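Step one of this worksheet: look at the structure below.
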Amino acid sequence: MQERYDPALVEPDARRYWDENGTFEVREDASRPKYYCLCMFPYPSGRLHMGHVRNYTIGDVLTRFHRMQGYNVLQPMGWDAFGLPAENAAMAHGVPPAKWTYDNIAYMKRQLRSLGLGIDWRREVTTCRPEYYRWNQWLFLRMLEKGIAYRRTGSVNWDPVDQTVLANEQVIDGRGWRMGALVEKREIPMYYLRITDYAQELLQALDGLEGWPERVKLMQANWIGRSEGLEIDFQVEGAEPLRIYTTRPDTLYGVSYMAVAAEHPLARRAAAANPDLQAFIAECQRSGATEAELETMEKRGMPLGIDAVHPLTGEPIPIWVANFVLMGYGTGAVMAVPAHDQRDWEFARRYGLRIHQVIEPMDGSLVDLDSGAWVEHGRLVNSGRFDGLDFDEAFDAIAKFFEAQGTGRRRVNYRLRDWAISRQRYWGCPIPLIHCPDCGDVPVPDEQLPVELPEDLVPDGSGSPLAKLDSFLACDCPRCGGPARRETDTMDTFVDSSWYFFRYASFDNGNAMVDERAEYWMPVDQYIGGIEHAILHLLYSRFWTRVMHDLGLTGVQEPFAKLLTQGMVLNEIFFRKPESGRIVYYNPADVDVELDAKGARLGAVLREDGQPVESGGMGTMSKSKNNGVDPQALVDRYGADTARLFMMFAAPPEQSLEWSDEGVEGAFRFMKRLWRLVHQHVSDPAAVPALDPASLSSAQRELRRQVHETLAKVTNDIGRRHTFNTAIAAVMELSNALARFEDRAPQGRALMQEALEIIVLALSPVVPHACHTLWRALGRTSAVVDERWPEADPAALERETLELVVQVNGKLRGRVQVPADASEALVREAALADPNVQRFMAGKPLRKFVYVPGRLANLVV
RNA sequence: GCCGGGAUGGCGGAACUGGUAGACGCACCGGACUCAAAAUCCGGCGGUGGCGACACCGUGAGGGUUCGAUUCCCUCUCCCGGCACCA
């Protein structure tokens with residue numbers, strides 16, 4: 001073996017072995033338990049970033065660990081290849097999105113390979129290829145048949161200068177990102193998927209997802225947002241009744257106005273004869289479309305001059321148009337109770353509307369409505385015959401009243417909205433529909449699938465290039481054969497990522513979306529990806545899987561048995577803020593940090609000019625903050641193993657990870673120490689006999705216990721807790737102990753051999769290249785990747801004595817050695833005998849004795 | 001604004017089920033080796049007081065429960081993720 005650790009020599013060698021032996025190529029095998037380990041596939045943006053490296057290293061560690069535990073493990077990889085950045089790159093460089101995307105994939109695939117990931121590359125899936133997206137189209141048509149897909153209008157951001165629809169990301173402060181035009185909301189026809197039909201199922205099934213983090217399940221439950229309330233019709237003179245939904249029917253007597261969306265028919269009608277209203281409605285249509293903007297903007301409104309009739313009192317209730325009511329959500333109208341809803345209270349204060357208390361606290365205490373709304377449940381007052389009822393009684397009584405009248409009903413409502421999948425973009429999966437002047441919207445027949453996307457177009461930022469391409473547009477109506485026009489909208493890219501995990505199992509089937517191989521592999525046993533996908537991607541995938549289940553395509557209802565949400569990768573932000581002009585960000589690699597004598601930070605300067613820069617703290621690695629670190633440079637300099645080791649050691653996987661050049665150096669140093677440890681052992685010519693545990697000295701027994709305790713800890717930390725950082729820390733501790741262990745007697749050598757073999761096996765999932773070589777260096781002829789995961793020897797773990805902590809009144813005052821099987825009485829005696837303990841008891845009588853076996857004794861005086 | 005999460009030495013983090021706060025690594029300081037430097041190795045390293053044994057303080061802030069709280073509860077501050085057309 002080489003004396004010096006040289007990853008450039010070791011790593012290609014190990015990878016060659018895995019490739020030549022097809023180590024990670026797997027097929028279905030009923031004789032072994034299967035383990036489907038899946039990482040979220042990357043968007044081919046150009047180069048791998050640190051988040052990818054972190055994600056795929058976690059997946060690879062779990063893949064290799066489970067392989068060694070005897071599972072039949074599938075780890076596939078693919079490309080989420082449709083999307084907006086390809087169109088942006090196309091516009092910037094005049095290259096077709098397809099070429100840009102395929103070039104990126106080729107480069108990033110080389111990068112992934114250099115990380116030494118145990119991937120079955122035969123199964124690679126690329127979502128922009130027709131053999132993949134034809135099944136998007138095929139399933140969409142099935143959904144259309146079932147009524148799960150439907151068409152209606154929806155609101156989009158419209159750039160009036162570019163004459164194009166903008167993504168939320170492309171709207172900056174209400175203006176289009178390219179020309180700076182004021183963006184308008186516009187209603188256009190779109191296709192929707194009825195995810196709301198699955199709301200109840202998607203909510204209930206969360207309880208069964210035991211392998212999911214609680215916080216993700218909570219976020220999904222809140223997103224679905226089930227509520228129970230009443231749907232009530234308010235009569236409006238000379239118009240259709242105004243229908244609203246409320247979860248607080250108990251506050252009905254406190255309604256002092258109604259609020260409708262700008263697009264509501266009542267608002268439109270009232271505006272016809274009122275220029276001020278027209279201006280206000282036009283202004284509402286210019287305001288932002290995102291929920292965050294809607295909720296934080298100034299709440300404004302204007303009266304329509306129309307009244308609704310209060311259904312219980314018969315009093316007139318003024319109807320207002322308000323900028324915070326959304327037409328696309330619920331009925332586009334709400335009832336407002338300023339006394340018991342904070343937003344209504346603020347609106348009423350602003351416009352001098354009535355604030356009328358109808359609920360009081362159960363204890364009859366007074367409520368201060370001058371400082372804000374009182375939103376708790378309580379007892380009804382000022383509510384006619386409902387006075388004195390509590391929330392539940394009032395809900396019930398009022399529901400019965402409306403049900404008897406036929407003007408209202410109980411209703412379960414969801415915050416979740418149907419999924420709009422139409423995108424007015426080129427680089428996406430074409431929606432397989434044909435518009436015929438005679439037959440209307442006609443689905444493309446299955447035998448004409450896929451509707452292929454031309455790959456040589458270059459978008460110019462003004463609408464979809466498909467709409468300008470006759471060869472794509474022109475077609476025959478499948479129903480009447482007459483001339484027709486193809487749909488030019490493409491699908492949301494979340495469609496592509498909602499089922500790719502099925503396709504990895506049936507990757508080469510040209511005749512069906514999925515086959516029986518998917519039934520073998522699904523569900524995914526462990527899914528790993530960024531926390532930023534906790535809601536949308538994961539919810540859409542759960543929905544899509546249920547639709548496939550209901551169409552008989554799979555027996556699986558939930559796609560991901562276990563979920564690990566990895567944290568973001570952060571780095572320092574350095575900047576200068578000139579007196580005038582924009583903030584300039586400097587890459588941390590170009591900044592020197594000045595320290596005081598204790599190593600605490602004094603300041604930072606730009607190396608180039610020696611002048612100070614300001615620190616902006618830690619932030620996600622991004623282009624805009626210029627704080628990214630290229631993983632390729634890291635791999636080129638230190639090798640993949642050091643990159644993997646640092647990523648796994650620096651933080652537990654669910655937490656954000658702070659980048660540190662020094663930390664990488666530390667990981668590399670450990671690799672060198674490990675290498676040297678093995679080298680020293682194997683280059684000693686003294687024989688290594690078989691280990692005889694019974695004959696070990698007490699120092700040898702002590703070390704062997706540490707070896708097996710470490711093994712037990714690593715097994716638990718990787719397999720159960722997924723805290724790779726603590727597993728690695730334990731191995732570092734053990735290797736420090738081994739470096740101090742200089743026993744060259746035959747049994748000392750034998751113990752060293754056992755310890756080094758266990759270390760190499762235990763680290764092989766994390767640093768597989770180096771361990772491949774070290775295993776052979778230790779005299780083993782097998783490949784470490786094919787070895788079984790070792791088990792800790794219970795005999796080695798046994799202890800004769802224990803050290804217990806002794807507290808007086810909960811404060812640490814001493815330690816005692818006791819036999820491992822000591823009785824409580826013996827422990828009490830030993831604890832009381834400790835001189836320091838006696839000092840703190842100061843002769844006071846023992847009031848209570850708390851004994852936690854194996855841990856501590858607490859003497860309360 | 002709403003939903004979810006986080007805050008522990010100079011820094012990243014550890015403490016798994018309420019039981020020894022600071023494992024492991026980094027930075028820093030001291031020493032060995034060297035003509036010297038780098039690399040490597042050895043030692044120290046939360047704060048305050050003390051020659052020392054040791055004591056007191058200390059887990060974002062304030063309060064509570066408990067024999068005992070980084071861990072549980074309440075209030076607050078700041079930071080991060082998501083908010084439906086970025087992926």
Side-chain angles (χ1 to χ4, degrees), chain A residues 40 42-43 45 80 83-85 156-157 165-171 213-216 218-223 225 289-297 342-343 416-420 422-425 492-494 497 530-537 539-540 565 567-568 570 595-601 617-620 646 649-652 654-667 669-670 672-673 676 716-717 720-721 723 725-726 728-733 736 739 803-812 815 836 847-850 852 855-861:
Chain A
M40 290 181 185
Y43 177 79
S45 56
D80 187 13
L84 200 53
V156 293
N157 304 309
V165 174
L166 299 178
N168 287 337
E169 188 190 56
Q170 298 172 310
V171 181
E214 281 309 318
R215 58 175 167 157
V216 175
L218 245 181
M219 280 191 267
Q220 291 217 349
N222 291 337
W223 183 263
T290 71
E291 190 188 323
E293 283 174 292
L294 219 58
E295 292 291 328
T296 49
M297 74 187 175
Q342 189 58 27
R343 188 180 63 187
L416 182 69
R417 313 203 290 256
D418 274 344
W419 177 10
S422 296
R423 295 291 180 272
Q424 297 70 42
R425 300 250 164 67
D492 181 3
T493 56
F494 274 123
S497 56
I531 181 67
E532 67 273 20
H533 297 291
I535 295 177
L536 291 178
H537 163 59
L539 193 63
Y540 290 143
T565 49
M568 313 286 260
L570 314 178
L595 303 175
D596 70 10
K598 286 183 170 178
R601 172 177 297 192
M618 284 288 169
T620 323
F646 168 72
F649 179 63
E654 313 238 40
Q655 274 179 42
S656 56
L657 180 150
E658 298 188 12
W659 181 259
S660 151
D661 289 327
E662 293 80 12
V664 176
E665 277 293 342
R669 269 203 289 274
F670 174 73
K672 289 191 282 189
R673 277 203 297 272
R676 193 167 52 237
N716 186 41
D717 285 357
R720 186 181 66 82
R721 297 176 63 208
T723 52
N725 55 327
T726 55
I728 293 165
V731 174
M732 285 176 171
E733 243 179 307
N736 289 343
E803 189 185 68
L804 289 185
V805 162
V806 184
Q807 298 179 334
V808 178
N809 289 339
K811 289 206 174 215
L812 174 66
R815 295 162 203 274
N836 203 44
R847 219 158 40 84
K848 190 173 173 184
F849 180 75
V850 182
V852 184
R855 288 207 175 263
L856 58 72
N858 187 15
L859 310 170
V860 186
V861 297

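Please read these numbers as outputs of a predicted model, since none were measured by experiment. In what follows, chains carry the letters A, B, and so on, assigned in the order in which the sequence lines appear, proteins first and then strands, with residues in each chain numbered from 1.
B:C72 is paired with B:G64 under the Watson-Crick or G-U wobble criterion, all donor-acceptor distances under 3.5 Å. Using Watson-Crick or G-U wobble geometry with both donor-acceptor distances under 3.5 Å, B:C78 finds its partner in B:G6. With a cut-off of 3.5 Å on both pairing distances, B:A14 has no Watson-Crick or G-U wobble partner at all. B:A23 is unpaired under the criterion used here, namely a Watson-Crick or G-U wobble arrangement in which both key atom distances are under 3.5 Å. B:G49 is paired with B:C54 under the Watson-Crick or G-U wobble criterion, all donor-acceptor distances under 3.5 Å. Here B:C85 sits opposite no nucleotide as a Watson-Crick or G-U wobble pair (both hydrogen-bonding atom distances under 3.5 Å).
Regarding A:Phe670, its CZ atom lies at a distance of 12 Å from the P atom of B:C41, rounded to whole Å. The distance from atom CZ of A:Phe646 to atom P of B:G13 is 10 Å, rounded to the nearest whole Å. A:Leu294 has its CG atom 15 Å from the P atom of B:C83, to the nearest Å. A:Asn736 places its CG atom 10 Å from the P atom of B:G43, with the value rounded to the nearest Å. Atom CD in A:Glu169 sits about 9 Å away from atom C1' in B:C85, given to the nearest Å. The distance between atom CG of A:Leu856 and atom C1' of B:G18, rounded to the nearest whole Å, is 11 Å. What separates CG of A:Leu539 from C1' of B:C3 is a distance of 14 Å, to the nearest Å. Atom CH2 of A:Trp659 and atom P of B:G13 are 15 Å apart (whole Å).
For A:Gln220 and B:A84, the shortest distance from a side-chain N or O to OP1 or OP2 is not below 4.0 Å. Taking side-chain N and O atoms only, A:Arg417 has no distance below 4.0 Å to OP1 or OP2 of B:A84. Side-chain nitrogen and oxygen atoms of A:Asn222 include none within less than 4.0 Å of the OP1 or OP2 phosphate oxygen of B:C2. Between A:Asn725 and B:A23, a side-chain N or O to OP1/OP2 separation shorter than 4.0 Å is absent. Look at A:Arg669 and you'll find a side-chain N or O under 4.0 angstrom from OP1 or OP2 of B:C26. For B:G58, neither phosphate oxygen OP1 nor OP2 lies less than 4.0 angstrom from any side-chain nitrogen or oxygen of A:Lys811. For A:Arg215 and B:G82, the shortest distance from a side-chain N or O to OP1 or OP2 is not below 4.0 Å. For A:Thr493, a side-chain nitrogen or oxygen approaches OP1 or OP2 of B:A87 to under 4.0 Å. Distances shown here put every side-chain N or O of A:Thr726 at or beyond 4.0 Å from the OP1 or OP2 atom of B:A23.
Of the two residues contacting RNA chain B, namely A:Val860 and A:Leu166, the nearest-nucleotide position lying further toward the 5' end is that of A:Val860. Of the two residues contacting RNA chain B, namely A:Met732 and A:Leu657, the nearest-nucleotide position lying further toward the 5' end is that of A:Leu657.
The side chain of A:Thr620 lies closest to B:G81, out of B:A27, B:G19, B:G81. Closest to the A:Leu812 side chain, of the nucleotides B:G82, B:A21, B:C85, is B:A21. Taking the side chain of A:Asn858 as heavy atoms from C-beta on, and the options B:C67, B:G25, B:G13, the nearest nucleotide is B:C67. Here B:C86 is the nucleotide among B:C86, B:A84, B:G19 with the atom lying nearest to any side-chain atom of A:Leu84. Nearest to the side chain of A:Arg721, among B:G12, B:C85, B:A15, sits B:A15. Side-chain proximity of A:Arg815 to the nucleotides B:U20, B:G13, B:C83 is greatest for B:U20. Picking from B:C24, B:A39, B:A84 the nucleotide with the shortest atom distance to the side chain of A:Ala729 gives B:C24. Set against B:C24, B:C16, B:C85, the side chain of A:Arg720 has B:C16 as its closest nucleotide. Distance from the side chain of A:Tyr43 is smallest to B:A87 among B:G25, B:A87, B:G5. Of the candidates B:G82, B:G4, B:A39, the closest approach to any side-chain atom of A:Lys672 belongs to B:A39.
Looking at A:Gln655, its side chain never comes within 3.5 Å of a backbone N or O of A:Pro652 through a donor-acceptor pair. Between the side chain of A:Asn809 and the main chain of A:Val861, a donor-acceptor pair closer than 3.5 Å is present. Using a distance-only test at 3.5 Å, with no hydrogens or angles considered, no donor-acceptor pair links the side chain of A:Asn858 to the main chain of A:Val850.
Below 30°, between 30° and 60°, or above 60°: for A:Trp419 and A:Tyr540 the angle between ring planes is below 30°, a parallel geometry.
For B:G49, the O4'-C1' to base torsion is more than 90° from 0; the nucleotide is therefore anti.
Within 4.0 Å of A:Met40, counting heavy atoms only, lies no atom of the nucleic acid at all.
Minimum heavy-atom separation, A:Leu856 to A:Gln807: CD2-NE2, 3.8 Å.
At a cut-off of 3.5 angstrom, counting only N and O atoms as typed in the model, there is a donor on one side and an acceptor on the other between the side-chain of A:Gln807 and the base of B:G19.
With respect to the salt-bridge test (charged N to carboxylate O, under 4.0 angstrom), the residues A:Glu291 and A:Arg417 do not qualify.
A donor-acceptor contact under 3.5 angstrom links the side chains of A:Asp717 and A:Thr726, judged on distance only.
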